[in-house]
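Take a look at the structure below.
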2 protein chains.
Amino acid sequence: MGGEARPLRADAQRNRERILDAAEVVVARDGLSASMRAIAQHAGVGLGTIYRNFPTQEALYAAVIIDRTQRLIDEADTSLAADDPGAAFFDYFTRIVVDATRKKTLADVLTQAGVDPKAGTADVSRDMRNVIERLLVRAQEAGAVRQDLRMPELLALLAAACLAAERNQWSEELRARTLAFVFDGLRSQR
Amino acid sequence: MGGEARPLRADAQRNRERILDAAEVVVARDGLSASMRAIAQHAGVGLGTIYRNFPTQEALYAAVIIDRTQRLIDEADTSLAADDPGAAFFDYFTRIVVDATRKKTLADVLTQAGVDPKAGTADVSRDMRNVIERLLVRAQEAGAVRQDLRMPELLALLAAACLAAERNQWSEELRARTLAFVFDGLRSQR
DNA sequence: GAACATACGGAACAGCTGTTCCGGTTGTCA
DNA sequence: TGACAACCGGAACAGCTGTTCCGTATGTTC
């Protein structure tokens, strides 16, 4: 399966990237209710051009989300190699929240709520969860995080922080203060 | 100012209540994107009847939200009279999250994001925050909650929990487990 | 530079939304 | 019971949305 696609025409390739960039910007501003017209206008492109590249709005959004999430997953590899597993865990938690604040829609990926798994986000969502789980296990083995913390609660906490940060545009200071309390609850009790 | 309104006709009064009940149910199901038609249908009433009672969709939603929030505020008075200020604080936090899970839109009231303050939600939002603050201060004076917890972070945590619980329909078990970690972070460190 | 597949833009379509309006109905009160 | 204001339902309007379609333009290839 998987017919080998002929390379795109040069202008088509250029437009495809413009659309993806514009979609990322507009979604960061308007969230998942961003309109196709707004994206087309921002990309300096007609509506038809978007639909040539992405069969549906959901497919376009999925492409944006997958891009973004994949980048975060890649960053995690650096964290996994870090010396201090505890710091790596908390740093990555923070990084995810920061990304959510800036670009929205991250909470959905973590919980698969509100995005259509059929659109292809399921894979990246699973990868993301795997990465988080590995960071968690390493931090627990190092004694930096409570042994009784499991993935469901961790994902719930992460999604909660992302949702609130996205929606209320947490300032850097509020984020630091708020997460500090959450992290204290996750740390091994002395 | 404030012309004394003549009492409503009997059927009008009945319809007004039907509409409010229907709106609460439909909003609990569809969130803030519930449509006026869905509410009208659920109330067994025409569209015009809704607009006779509430000038705009925002006004109707505001009425629903104010109702609900006022009930929660009233409940807090009981908590404020409780023996154990620490338990009262954590119980009320939990109660708010439970209510959000069932009926949505509560996170908005806590932070005034996404709801129009002009629509009259500002008062109830302020009252809610005052009640929470009094519970916090009492719990801190009793030594049950960390002294360095301030209102902005507390509201951020509360809104975060409400948003995630609303959106992902936290089960009773997940809620208990997740909030347990949050609460451990808020408790006075031994 | 000619010829052709490929890609473009945007008008047009279908379906949703909140809101307005008005002809018909119903509660109320004398 | 009659008369009238108050109220009702739902069709109609304006404006948004995602998506389709096709005449035109452009990159590519020989």
Side-chain angles (χ1 to χ4, degrees), chain A residues 3-24 26-27 29-65 104-105 114-116 118-121, chain B residues 3-24 26-27 29-65 104-105 114-116 118-121:
Chain A
E4 203 56 40
R6 196 181 333 85
L8 287 171
R9 228 169 67 174
D11 55 342
Q13 176 67 29
R14 204 164 44 233
N15 278 331
R16 192 190 156 86
E17 274 157 28
R18 272 194 202 165
I19 292 168
L20 276 172
D21 288 349
E24 185 160 335
V26 176
V27 166
R29 197 189 57 197
D30 301 342
L32 243 20
S33 64
S35 81
M36 295 297 259
R37 277 168 181 78
I39 294 170
Q41 192 157 18
H42 198 281
V45 137
L47 273 173
T49 306
I50 295 188
Y51 280 94
R52 177 164 315 278
N53 286 278
F54 305 93
T56 183
Q57 182 181 54
E58 195 125 33
L60 171 58
Y61 287 175
V64 172
I65 290 172
K104 311 237 174 84
T105 74
V115 290
D116 191 359
K118 282 171 278 180
T121 56
Chain B
E4 202 57 38
R6 195 182 334 86
L8 287 172
R9 229 170 66 174
D11 55 342
Q13 175 68 27
R14 206 166 41 232
N15 278 333
R16 192 191 157 85
E17 275 158 26
R18 272 195 204 165
I19 292 168
L20 276 173
D21 288 349
E24 185 160 334
V26 176
V27 166
R29 196 190 57 197
D30 300 343
L32 243 21
S33 64
S35 81
M36 295 297 258
R37 277 168 180 79
I39 294 170
Q41 191 157 20
H42 198 281
V45 137
L47 273 173
T49 307
I50 294 187
Y51 281 94
R52 177 164 314 277
N53 286 277
F54 305 93
T56 182
Q57 182 181 54
E58 195 126 32
L60 170 57
Y61 287 175
V64 171
I65 290 171
K104 312 237 173 84
T105 74
V115 290
D116 191 0
K118 280 171 276 176
T121 55

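Excluded from the calculations below are hydrogen atoms, water molecules and symmetry mates; all remaining heavy atoms, backbone and side chain alike, are included. Residue numbering restarts at 1 for every chain, and letters A, B, ... go by the order of the sequence lines.
How far CG of B:D11 is from CZ of B:R18: 9.5 Å, rounded to the nearest 0.5 Å. Once rounded to the nearest 0.5 Å, the distance linking OG1 of B:T121 with CD1 of B:I65 reads 7.0 Å.
When each of B:L47 and B:A10 is assigned the nucleotide of DNA chain C bearing its nearest heavy atom, the one mapping closer to the 5' terminus is B:L47. Between A:G46 and B:Q57, the residue anchored nearer the 5' end of DNA chain C, judged by the nucleotide with its closest heavy atom, is A:G46.
As a whole-Å value, the separation of A:R52 CZ from C:dA5 C1' is 11 Å. Residue B:D11 contributes atom CG, which lies 6 Å from atom P of C:dG27 at whole-angstrom precision. Taking atom OH on A:Y51 and atom C1' on C:dG10, their separation rounds to 13 Å, with Å as the unit. Atom CD1 of B:I50 is separated from atom P of C:dC21 by 18 Å (rounded to the nearest Å).
With a heavy-atom cut-off of 4.0 Å to chain A, the contacted part of DNA chain D has its first and last nucleotide at D:dT17 to D:dT28.
As judged by a 4.0 angstrom heavy-atom cut-off over every strand, B:A38 is placed among residues making no nucleic acid contact. Using a 4.0 Å heavy-atom cutoff across all strands shown, B:A34 reaches sugar-phosphate atoms only and no base atom.
Here A:N15 does not reach the OP1 or OP2 of C:dA7: none of its side-chain N or O atoms lies under 4.0 Å away.
Checked options B:L60, B:I19, B:V45, B:L20; the residue passing with B:N53 is B:I19 (criterion: side-chain contact (heavy atoms from CB on, under 4.5 Å)).
Using a distance-only test at 3.5 Å, with no hydrogens or angles considered, no donor-acceptor pair links the side chain of B:T56 to the main chain of B:A59. Looking at A:Y61, its side chain does come within 3.5 Å of a backbone N or O of A:A34 through a donor-acceptor pair.
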Exercise for review: Using the side-chain contact (heavy atoms from CB on, under 4.5 Å) rule, take B:E24 and B:D21 through it: C-alpha gap first, then chi angles, then the decisive distance, then the call.
Suggested key: CA-CA 5 Å; B:E24 185 160 334; B:D21 288 349; 5.5 Å; no
